[in-house]
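Working notes, beginning with the structure itself.
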Amino acid sequence: MNNSPIRVRISVTFISLIVTFAAIVILVNYNNSLKNSYELSDKIINQAAQSIIEKTKYYLSKSNTSLKILGNNNKTYNIYDIEGLNREVMWELLLSEKHIASVFLADRNSNFFQVRRDPKLAIRKIENVNGKKVDFYEYKDKNDITLGYKSSLATYDPIVRPWYLNTNEKRIHISKPYIFSSTKKLGITISYGSLDKYGNKLAVSAVDITLNTLQEFIKKQAKSIKGEIYLFDKNYNLITSSKDKLNNHFLKNETINKNDFEYFKLKNNYQSGDFKGIVRNKGDSSIFEISSLELDSNNKLGVLVTIPEDIVLGRTKEMLLITIVISLLFLSVFVFLSFQMSKMISRPIAQFADDINDLRNLKTDKELTNDSKIKEIYQAQKSLISLQHGIRAFKKYMPSDLVKILIDTNQEAKIGGDEKNLAIMFTDIEGFTTISETLTPLELTHHLSIYFDEMEKVISKYNGTIDKYIGDAIMGFWGAPVDIEEPIIKAAQCALAMQEKLTELNNKWKKEGKAELKTRIGVHFGKTLVGNIGSPNRMNYTIMGDTVNVAARLEGINKSYGTNIMVSEEVYLMIKDQFNLEYIDQIELKGKTESTKIYTLKV
């Protein structure tokens, strides 16, 4: 037969030229869309950064102003010299700003004055009384009405706390995030120093600010842009970010990840002001921008916003898809001309596609042809016919090995069988009825499916065929439909491997508090009828005969002798030199007139 693919080559060449032209158009549009996407991402990142800056300014602005007022008020060595003025400023600040946990003052003599929100609204004083430091609490309501008092010897010394020790200048100082000792909440402390004319520290005024609200705002902003946001101080100590996790008021506080953000590069550029660009690390790319928030001439914060490049390019990819669709519409006009030139090819291809679709839907009644003059199509049609016969047979019975043979040999399934020497195995779970009564149907189904799955893997490993599952029992055989060498050896090895696998499963189930299973196995060897049993429209590939019955009886006898694997004398004579077998008894099996010797197979 003269099969020539020349028309296919002509069509492919013509279409390739058209596709090349379309690809150029798509590439140009893609580059333009890419540029627009990056410009849009810059705007989104900048807007997010500005939102964080404005929110942070709100968080800090009133606190900063009030701290400076307190700092300028306290020009003596004793903060209680102007207690009334301090109290008024501090009380107003606490009640007006919900994110402020407390406002407090401390002088160099360890005097301490605080207005606090949690755990109860209160005024706290630590001062000398008769040479001893006493801690006073005056509990208040929102209307400044006293609700009660409490006092004790003071154990808290403010001048050894980090917020006092680290504030040595007349400017704003921001601490690292930490857990407040009194409320166990996460926050930061903003402090401001009061100095005498010689530069000596007189007192420190400070505000505790909880980070919960600010952090939630940052997380919300990060989620809206599908990126991450970090707020950090001038020393690159992370204040809070969208990645921080609050677990029992504990913050996993880390500096910006050096691997993810090329830390050294960002740091060097941040010193000179705002910076933006793209960082690539381990195949991942992110677009970022650092913006700064000036607190005063010596203090500033940084806001880092990042968006994965894949997110930014999402819209570009959508535009690329639209461009491709439009290009394909124009391309189809030119492709039509190509198909006209290759009708001889397109007609059988279309028919071929219809035939494949019919087979996918298991429509196997249609007779397929293989009369194409094109070599490739002819070979495909020939393979399709073989596939049709295989699927037609598959509809009638299930064993995968048999279906594979039918597809490979181009045969159809027919009623009938052959007598062959087979190794036959029966398995059954001991006490399954009792076990099933302790489990729900769903638990029982799940437990049994795990058992069947593991046993099926072992049987397949030793080239066995599972005939059927009978309740909790398995019926399998060796030597059909595919001939194998020494089928009884395979069956014996399989029986031992199944018990070994079941031991592993039981050990696992025991640890999990699940029901353990004990499986009894019977193995026999002999002539057996094997083939397709049933009707022409619905059949089953199975085995029948006295040999099958003997294997089933052997499985049941295990119960009487407390054994796990029972084999017949025929099996014993064939495998006695390769396996560890023990004589059990000579009995008359049910349905047999002659007695037979039985043996147990051991590891």
Side-chain angles (χ1 to χ4, degrees), residues 56 59-60 63-71 74 77-79 86 90 93-94 97 99-119 122 124-127 133 135 154-196 199-212 214-215 230-241 244 246-256 293 295-296 298-302:
T56 306
Y59 246 66
L60 303 180
S63 300
N64 294 351
T65 301
S66 299
L67 287 177
K68 289 178 181 179
I69 292 173
L70 291 172
N74 292 280
Y77 291 102
N78 191 329
I79 58 175
N86 288 336
M90 296 165 69
L93 179 61
L94 181 72
E97 304 297 329
H99 58 274
I100 293 179
S102 68
V103 188
F104 45 96
L105 291 167
D107 61 29
R108 60 196 300 174
N109 298 315
S110 295
N111 293 318
F112 181 72
F113 185 79
Q114 178 189 43
V115 293
R116 58 193 295 178
R117 188 184 306 277
D118 297 317
R124 181 186 183 188
K125 298 179 183 180
I126 298 178
E127 59 183 335
K133 285 289 184 180
D135 201 341
T155 59
Y156 178 83
D157 188 357
I159 66 173
V160 300
R161 304 296 294 176
W163 57 268
Y164 186 92
L165 294 173
N166 295 333
T167 307
N168 298 307
E169 298 178 80
K170 197 173 181 179
R171 63 178 181 85
I172 296 297
H173 178 270
I174 301 177
S175 72
K176 295 180 181 180
Y178 70 101
I179 304 302
F180 296 152
S181 61
S182 59
T183 64
K184 307 305 179 185
K185 289 186 177 181
L186 173 71
I188 57 174
T189 298
I190 303 176
S191 53
Y192 186 83
S194 299
L195 309 178
D196 63 18
N200 298 315
K201 182 161 53 177
L202 297 173
V204 173
S205 52
V207 174
D208 280 344
I209 296 180
T210 56
L211 291 178
N212 303 67
L214 179 60
Q215 186 184 53
Y230 301 81
L231 179 66
F232 51 92
D233 65 20
K234 68 175 185 177
N235 297 317
Y236 274 76
N237 295 311
L238 187 62
I239 296 175
T240 187
S241 80
D244 294 339
L246 288 169
N247 294 320
N248 296 323
H249 306 293
F250 179 77
L251 172 67
K252 185 180 180 183
N253 185 24
E254 299 174 347
T255 55
I256 298 171
L293 167 60
L295 299 179
D296 54 42
N298 296 311
N299 206 346
K300 66 179 180 178
L301 301 180

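This is a predicted model, so every value here is computed, not measured.
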Practice problem: State the OG-CD1 distance between Ser102 and Ile209, to the nearest 0.5 angstrom. | Solution: 10.0 Å

Quiz item: What distance separates Arg117 CZ from Leu94 CG, expressed to the nearest 0.5 Å?
Solution: 4.5 Å

Exercise. Look only at the side chain of Thr167 and the backbone of Val204, and say whether a donor-acceptor pair between them is shorter than 3.5 Å.
Key: no

Quiz item: Excluding sequence neighbours, so at least two apart, what forms salt bridge (charged side-chain N to carboxylate O under 4.0 Å, His left out) with Lys133?
Solution: none

Quiz item: Counting N and O atoms only, with roles assigned by atom type, does the side chain of Asn109 sit under 3.5 Å from a partner on the main chain of Asn111, one being a donor and the other an acceptor?
Solution: no

Practice problem: Using the test ring pair (Phe, Tyr, Trp, His ring centres under 6.0 Å), find all partners of Phe104 that sit at least two apart in sequence or belong to another chain. | Solution: Phe112, Trp163

Quiz prompt | Exam field: side chain Arg116 to backbone Arg124, donor-acceptor pair closer than 3.5 Å | solution = no

Exercise. Flag the pair Asn166 / His173 as yes when at least one side-chain heavy-atom distance between them is below 4.5 Å, and no otherwise.
Key: yes

Quiz prompt | Backbone of Tyr164 reached by a side-chain donor or acceptor of Lys201 within 3.5 Å | solution = yes

Quiz item: Asp157 side chain to Val160 main-chain N or O, any donor-acceptor pair under 3.5 Å?
Solution: no

Practice problem: Could you tell me whether Glu127 and Lys125 make a salt bridge, using a distance below 4.0 angstrom between a side-chain N and a carboxylate O? | Solution: no

Practice problem: State, yes or no, whether a side-chain contact exists between Leu202 and Asp107 at a heavy-atom distance under 4.5 Å. | Solution: no

Quiz prompt | Test item: Leu165 and Arg161 side chains (from C-beta on) under 4.5 Å apart, heavy atoms | solution = no

Quiz item: How long is the gap from CD1 on Ile126 to CG on Asp135, to the nearest 0.5 Å?
Solution: 4.0 Å

Quiz item: How far does CZ of Arg108 sit from CD1 of Ile159, to the nearest 0.5 angstrom?
Solution: 9.5 Å

Quiz item: Ile100 versus Leu93: any side-chain heavy-atom pair under 4.5 Å?
Solution: yes

Quiz item: Can you find a heavy atom in the side chain of Asn86 that is under 4.5 Å from one in the side chain of Leu105?
Solution: yes

